[in-house]
Amino acid sequence: MKDLKFEQKGSLSRLEAADQLAALAEALRQGGKVELEFGSGTLSLQVPDEVSTEIEVEVGEGQVELEVELKWPTVQTEAAPPRTKRPARSRSKPARTP
């Protein structure tokens, strides 16, 4: 069972669709909280720094279907501490004498 599902279907002009995608892209660029306007309401989501993506294109039955999917977990796990490189050990070779 889904905790929440929001779905909106309708028809947009190409420019309106571009505006919706641009608003989503800008919200993702600005930070973790994404707020999208849908009609008279606003959908707010918290998006982590990394998301899983899937792009699917289907052509058939006289139409093209393009799906762009972004997924992330609802429970944020603590990020692993960044790995630090160990300093390279210097292996000195004996100097050659001519």
Quick one: do Leu36 and Val51 end up in the same hydrophobic cluster if we chain Ile, Leu, Val, Met, Phe, Trp and Tyr together by side-chain heavy atoms under 4.5 Å apart? yes
Please confirm whether the backbone N or O of Gln46 pairs with a side-chain atom of Trp72, one donor and one acceptor, at under 3.5 Å? yes
So which atom in Ala27 and which in Val34 form the shortest heavy-atom distance, rounded to 0.1 Å? CB-CG1, 3.6 Å
Ile55 and Leu66: CA distance, side-chain angles, deciding distance, side-chain contact (heavy atoms from CB on, under 4.5 Å) verdict: CA-CA 7 Å; Ile55 297 177; Leu66 169 66; 4.0 Å; yes
Nearest-0.5 Å distance, CG of residue Leu24 to CZ of residue Arg29: 10.0 Å
Can you tell if the side chain of Leu28 reaches within under 4.5 Å of the side chain of Leu70, non-hydrogen atoms only? yes
I need the Gln63 CD to Glu65 CD distance, nearest 0.5 Å. 7.0 Å
Any side-chain donor paired with an acceptor under 3.5 Å for Gln20 and Glu16? no
Over 12 non-hydrogen atoms of neighbours within 6.0 angstrom of CD in Glu50: no
